Number of protein chains: 2
Amino acid sequence: MQLPPLVQTFVLHFGEMGSRWGINRTVGQIYALLFVAERPLNADEIVERLGVSRSNVSMGLKELQAWNLVRLQHRPGDRRDYFTTPEDIWQIVRTLVEERKKREVDPTLTLLRELLMQEAGTEEERHAQARLREMHDLFELFAGWYADVRRLDTERLVQLLTLGSKVQKVLEMKDRLTRLPGRIGGRSAKLD
Amino acid sequence: MQLPPLVQTFVLHFGEMGSRWGINRTVGQIYALLFVAERPLNADEIVERLGVSRSNVSMGLKELQAWNLVRLQHRPGDRRDYFTTPEDIWQIVRTLVEERKKREVDPTLTLLRELLMQEAGTEEERHAQARLREMHDLFELFAGWYADVRRLDTERLVQLLTLGSKVQKVLEMKDRLTRLPGRIGGRSAKLD
DNA sequence: TAGCAATTTCAGAAATGGCTGAAAAGTCGG
DNA sequence: CCGACTTTTCAGCCATTTCTGAAATTGCTA
């Protein structure tokens, strides 16, 4: 592995973290490398930096493309594919969450719904369904929240995250204010 | 595997989903089984329901205990350990998030901080650090949000999640209102 | 369409992770 | 402190995943 120590440490760590998720080590390393690279890299450059086989890199890049996590670029007069991660780290987060939801949450929700439709014969099954219902409702709640929040532009999203639980205070304030008679600031203070 | 079809389907699915995360299949299955069980189960009951070896169950339960995901109970006149998941599904969510943060986010933040302290020799390293800084700040933002939100009681948490996109409107309103001169409703309209 | 450059595929090797049975260790009542 | 019961440990086997080199494919240009 031919990398500045700082980059190498990061790449190795990211590879390990990748393993803890469903992602294999090489894929994690490729992504980490692209993330910190100052310019797009082609497959051979990745090979020499990571010291893995050409075919391994090819498969890794294919997987990252399937996840929409890398972008493909070309240079004039050069046939090779060059890869980058999005400049905007928030775009990366959005893609990551979106893809994980698609692959993990949605199928689970589908399954839970199917199981909840089934006729429960025994008491044991009836209890299991009650539990699955709890899980289903939980997932729906998160999915609904996510569907809403993903539409926020990044600035507002950051604003929201920075506020944290202080949002509660805003909500309390809203409760107080919307109970005021009349109008404020020329528009109705009600929330539609 | 000796289980009602409904339960079996869920257990198998959960086992597969477990694999996609760092969790091994058996551990996922044990957890799913305990989650839908109407009463605490001992190791041998898990063995006969899942059809895996006693030692495998023992290891799985140990791992779940390390994750604080199961609780241990005893019955009078019975030496065996009986296991359950918490009744309250929100407690499960909280534990899961807490443990994943501890194992994944915190070490990553530590590493990022270390790497950001280092002296960057080359231009390449300087650029890498700028990228790592972005990632660090992102993680810090999430960690801060989480530290804040985890303290909410479940009712308020659900309220927050249910609110969804309306949060944006509340924030817009806050923008307008906090720009108003003077006081409203007897308290400052500013947020602490 | 021949020839070259780049990428992908794939069968098998290598590595890793998971599972088991047998044995050890722990725990309790008598 | 014995004997029965329960849980844990672990060496080795098994299954799955990852990785590689070689061959096939794709796609471009002359």
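Only a predicted model underlies this, so the values are computations on that prediction, with no experimental measurement involved.
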Once salt bridge (charged side-chain N to carboxylate O under 4.0 Å, His left out) is applied, what residue pairs with a partner in residues 129-144 of chain A remain, sequence neighbours excluded?
A/R113-A/E140, A/R131-A/E134, A/R133-A/D137

Please check: side-chain N/O of B/R49 versus main-chain N/O of B/I30, any donor-acceptor pairing under 3.5 Å?
no

Under the side-chain hydrogen bond (donor to acceptor under 3.5 Å, both in side chains) rule, collect the residues that match up with B/K62, sequence neighbours excluded.
none

Do nucleotides 14-30 of chain D as a string where each nucleotide becomes B, S or -: B if the base has a protein heavy atom under 4.0 Å, S if just the sugar-phosphate does, - if no protein is that close.
----SBBB-----BB--

Separation of D/dT6 P from B/F83 CZ (nearest whole Å):
13 Å

Using a 4.0 Å cut-off to any heavy atom of chain B, which nucleotides of DNA chain C are the first and last in contact, reading 5' to 3'?
C/dG18 to C/dC28

Kindly write out the residues that satisfy side-chain hydrogen bond (donor to acceptor under 3.5 Å, both in side chains) with B/S53, not counting sequence neighbours, or none if the list is empty.
B/S55

At under 4.0 Å between heavy atoms, what does A/N42 touch on the DNA or RNA strands: base, sugar-phosphate, or nothing?
nothing

Those residues at least two apart in sequence (or on a different chain) that pass side-chain hydrogen bond (donor to acceptor under 3.5 Å, both in side chains) with A/T162 are none

Which pairs, with at least one residue in residues 65-88 of chain A and sequence neighbours excluded, count as a ring pair (Phe, Tyr, Trp, His ring centres under 6.0 Å)?
none

The helix from C/dT1-D/dA30 to C/dG30-D/dC1: angle between terminal helix axes, five bp per end, to the nearest 10 degrees, reads 30°

Contacts of type side-chain hydrogen bond (donor to acceptor under 3.5 Å, both in side chains), residue A/R94, not counting sequence neighbours
A/T154

Could I get the full list of side chain to side chain contact (heavy atoms under 4.5 Å, CB included) partners for B/S19, not counting sequence neighbours?
B/E16, B/R25

Would you mind telling me which residue lines up with the more 5' stretch of DNA chain C, A/D44 or A/S19, judged by nearest nucleotide?
A/D44

Listed partners of A/D81 passing salt bridge (Lys or Arg N to Asp or Glu O under 4.0 Å), at least two apart
none

Scan for ring pair (Phe, Tyr, Trp, His ring centres under 6.0 Å) pairs involving residues 2-25 of chain A, sequence neighbours excluded, and state none if there are none.
A/F10-A/F14, A/W21-B/W21

Could you give the CG-to-P distance, from B/L61 to D/dT6, as a whole number of Å?
15 Å

